[in-house]
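What follows is one structure encoded as structure tokens, with my remarks underneath.
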Amino acid sequence: MKFADFRRKLAQYWYRFSQNKASIAGLIITVTIVLVTILAPYVTPYPEHAGVFVDFRNTFKPPSSANWFGTDQVGRDIFTRSIFGYRFSLIMAGTVLGIAVPLGVVLGLVSGYFGGWIESLIMRLTDIVLALPPLAMAIAVSAVLGSDLGNTMIALAMIWWTWYARLVHGMVVSLRNEEYVEAAQIMGASKLHIMFREILPNCAPAILVKTTLDAAFVIELSAGLSFLGLGVRPPEPALGTMVAEGARYLPANWWMTVFPALAILVLIFGLNWLADGLRDVLDVDL
Amino acid sequence: MHRTGWVLTFLLLTLLVGTLSVGAQKNIVTMSLNQGIGTIDPAKVTDWTEAMVMVNLYDSLVTPKPDGTMAGLIAREWEISPDGLEYVFKLHRGIKFHDGTELKAEDVKFSLERVLALKQGYSWLWADIVKEVVVHDDYTVAFILKEPFSPFLSTLPWLAIVNKDQVLANKKPGNFGEYGDYGQEWLLNNDAGSGAYMFKSWTRGNEIVFTKFDDYFLGWREGAIDEVRAKEIPPGNDATVIAEMRTGALTIADHYRSLETYAQIERLPNASVKTALSGEALYLKINTKKPPMDNVHVRRAISYAFDYQTFIEQIDPGAKQLRGPIPDTIAGHNPNAKMYTQDLAKAREELAKSGYRPGQLTINLCYVDGFELEERLALLFQANMAQIGINVVLQPETWGRITDLAANVETTPHLTAVFSAANYPDPDNYLFTAYHSSAAGTWMSMEWLQDPEIDRLIERSRVEVDPVKRNELFYEIQDRLTDLATDIFIYALPKRYGMQNYLHGFEFVPVMSFEYDFHKMYIKR
């Protein structure tokens, strides 16, 4: 594909994407949050509040110009901690999907392309793992191995790959008899080449859309886990933990719960809208 | 026509039932519990919720008064022999158990033997102390001690008197010979007491209900409480406590809620908060056997680095810093014991003496997960220690897990936040269970001190009959403990109770859970 063609194609995609206001909003929200999170130490008003810090003279301050989201039970700025709290969510989503997507895609490709006993083995294993509820699994692993971030992420990744294995497997089964695959085989292309260069690119749009949607799921789940006190050690900020802590002081000190909860909500909306937009553009049917 | 007849009958029945229930209106009191109840068997009771049940279902020989001295309950009067070895109690006549039979000296003997045989709950109070119980007649019973044990009388509120005949009638086969299982299985779901209230129902993890025992030997006053419902509301659900205090669904909010919660209850028009300086103290127990905390200079360094002032002014306003291990509400407290205050220069000096450099040490601090007061304490401690270059890892755990960790010196964290309740209002209560070598391995003794000198002094204080000499020993122990910096002595807890304004008669008593004596309370609107 020539560069000019590529640009034309991109412009076409962008046109379709920009037709939907929600998609644009989703893109803006997601990009802003990711940028702000990366630059958190520079853009937050009190970066030291995310670490070892207490100020008992300023506890339970309602939202003001100094503390946009108010302060918590030991006087820390909730706005700062919410931004830093996104780190936990994004690291969680990044790591879990970073492990689960490649693993699931490779297993799906292999099982779909080779068929036979390999297919049976991988897909039955997938069925078994799919039967485990992710939240319960993560809690169990934390209980056995100790509740730290690494264990929780591994637990989730060990479940999440199944969705990709199943998705890719289904697509490969229908694609492996396409004419361009047969043509490549006749020309003597290696199995690896056929799997990764001929078939995989045709699955890519679906994988991309599903990954975006799943990012929202994992973030929601990570908020649930940190709400239960798993995966984070105080004083590290996590949005779920902040909601849980704030809930003790409801309804009087509502800002402690409401703002971190809204922060989760906004990110999840953003990712979902973005995924919707991508689906329209890439014409994927999940 | 036929149908109209049915409707009329139904209406009449509804009316009748309605009238009946109005006629039988009861004074029901509901209280919150921050934690579940493990058992209602009085021989197995340990924590405050279980003790609250015991206080109401059972009676003991003596009961603590608000000033911490003992008043007779089942015992009418008593005599102590001059050598401190024999305690003779005369019992009231005509005290009835819930099944209508009379409480006699034989039941007292049986109750103690049962506790000692089961080796649970508060049996440690008497295990090495009581030689035998002798029944002189139906209303006279004597306790013979192995050696003088001066705080003996103040331990007796924990000896709940059970109905011997009823327990034995319900025994199952077990390991205790003629006593079978000592009625353990039956007492899981029944009571055999003579207390002011009778057990009615218990849904584990949710609610326990007891009802008034009309034949209670002390009688009843007007407005007495007919039924008590104690329901579990975990520490994270303070919003529920506030909401139910507002609507009146809850009569008493227990004393383990967040300060914010009491502040909000105080603002309600229908409820208020009662505060009492308790004998309950908060410590950060230091595992003195685990490096680097085995180094006395490290322990002193952190004792100097902690910001006590902020804690008692901001986290729990109105509190008082502890001077040594014994709160000043307890006779025997040493008013001249060393009290550490925040002094970072001294802290750094001590750290330098320890041989460790700033930035080199990482220690962990364990506290009850979700207990907001301890969590704020932990965050403050972490920030304070950062100032002298000690890195603190916070380790929130469930209470059950903490009691497991305490069983071993290796698993006991460097520091653990622990509240020590006053089981009996005597310095011995704070010293023996925490610092004597033979008491090691429980959540009360996470210091693992095992210091021969302290052991010797504690043993001497337990057999000393002369109160003046006893106090001298206590002073010496307190001086040595503060010098060794075995704990960070934080503060004596002001206990707060949220209460509906129509509830009267509540009286604070400095022994765990004895303030929740519903016989003393009444309702007046």
Side-chain angles (χ1 to χ4, degrees), chain A residues 46 48-62 70-78 81 139 142-149 224-238 240-258 261, chain B residues 34 233-243 246 257-268 307 309-317 364-387 389-398 401:
Chain A
Y46 311 97
E48 69 277 12
H49 291 205
V52 176
F53 177 87
V54 287
D55 176 8
F56 284 97
R57 272 170 297 279
N58 284 311
T59 53
F60 303 116
K61 288 274 182 306
T71 64
D72 68 4
Q73 75 276 20
V74 292
R76 297 173 300 199
D77 181 44
I78 291 175
R81 288 179 65 78
I139 292 172
S142 306
V144 176
L145 298 178
S147 121
D148 73 35
L149 188 57
L225 286 170
S226 59
F227 183 87
L228 297 171
L230 297 171
V232 268
R233 267 184 197 286
E236 226 149 274
T241 316
M242 292 167 74
V243 173
E245 279 176 5
R248 288 186 225 143
Y249 306 99
L250 279 175
N253 305 321
W254 52 271
W255 56 89
M256 288 178 65
T257 320
V258 169
Chain B
N34 73 323
I233 305 179
N237 293 9
D238 275 19
T240 312
V241 173
I242 297 165
R246 178 178 292 121
R257 299 294 156 187
S258 78
L259 280 167
E260 267 305 297
T261 304
Y262 297 113
Q264 291 192 45
I265 290 172
E266 187 69 70
R267 287 197 284 271
L268 297 177
D307 185 356
Q309 212 57 32
T310 294
F311 187 89
I312 57 175
E313 280 171 10
Q314 314 281 345
I315 299 185
D316 202 344
N364 54 351
L365 167 61
C366 181
Y367 60 92
V368 179
D369 196 9
F371 190 167
E372 69 97 30
L373 184 102
E374 290 189 359
E375 187 185 273
R376 289 162 86 178
L377 164 71
L379 290 167
L380 174 64
F381 182 80
Q382 191 180 39
N384 292 155
M385 295 309 126
Q387 290 175 289
I390 294 180
N391 187 17
V392 179
V393 177
L394 301 186
Q395 187 187 347
E397 301 277 6
T398 61
R401 174 97 181 115

> How far apart are the C-alpha atoms of A:Arg248 and B:Glu375, what are their side-chain angles, what is the distance that settles it, and do they pass the salt bridge (charged side-chain N to carboxylate O under 4.0 Å, His left out) test?
Replying inline: CA-CA 13 Å; A:Arg248 288 186 225 143; B:Glu375 187 185 273; 3.6 Å; yes
> Say you draw a straight line from CD of B:Gln314 to CG of A:Asn58; how long is it, rounded to the nearest 0.5 Å?
Replying inline: 9.5 Å
> Can you say whether A:Ala247 sits under 4.5 Å from chain B via the side chain, the backbone, both, or neither, judging by heavy atoms?
Replying inline: backbone
> For the residue pair B:Ala383 and A:Val54, what are the closest heavy atoms and their distance?
Replying inline: CB-CG2, 3.6 Å
>> On a heavy-atom basis, which atom in B:Leu379 and which in A:Pro235 lie closest, and how many Å separate them?
In response: CD2-CB, 3.7 Å
>> Using a 4.5 angstrom heavy-atom cutoff, name the option from B:Asp238, B:Asn237, B:Thr261, B:Leu394 with the most pairs to chain A.
In response: B:Leu394
> For the residue pair B:Arg376 and A:Phe56, what are the closest heavy atoms and their distance?
Replying inline: O-CZ, 3.9 Å
> Between B:Thr240, B:Asn384, B:Ile315, B:Val241, which shows the greatest number of heavy-atom pairs under 4.5 Å with chain A?
Replying inline: B:Ile315
> Nearest heavy-atom pair of B:Ile242 and A:Leu250: which atoms, and what distance?
Replying inline: CD1-O, 4.2 Å
>> Checking B:Gln395 against A:Arg233 for the side-chain contact (heavy atoms from CB on, under 4.5 Å) test, could you report, in this order, the C-alpha distance in whole Å, the side-chain angles of both residues, the deciding distance, and whether it holds?
In response: CA-CA 7 Å; B:Gln395 187 187 347; A:Arg233 267 184 197 286; 4.3 Å; yes
>> If I take atom OG1 from residue B:Thr310 and atom CG from residue A:Asp55, how far apart are they, to the nearest 0.5 angstrom?
In response: 9.5 Å
> Contact part of B:Glu260 toward chain A, heavy-atom cut-off under 4.5 Å: side chain, backbone, both or neither?
Replying inline: side chain
>> Which atoms of B:Val393 are under 4.5 Å from chain A, going by heavy atoms: the side chain, the backbone, both sets, or neither?
In response: side chain
> Is it the backbone or the side chain of B:Gln382 that comes under 4.5 Å from a heavy atom of chain A, or both, or neither?
Replying inline: both
>> At a 4.5 Å cut-off on heavy atoms, which part of B:Pro235 comes close to chain A: side chain, backbone, both, or neither?
In response: backbone
> What part of B:Tyr367 gets closer than 4.5 Å to chain A, counting heavy atoms only: side chain, backbone, both or neither?
Replying inline: side chain
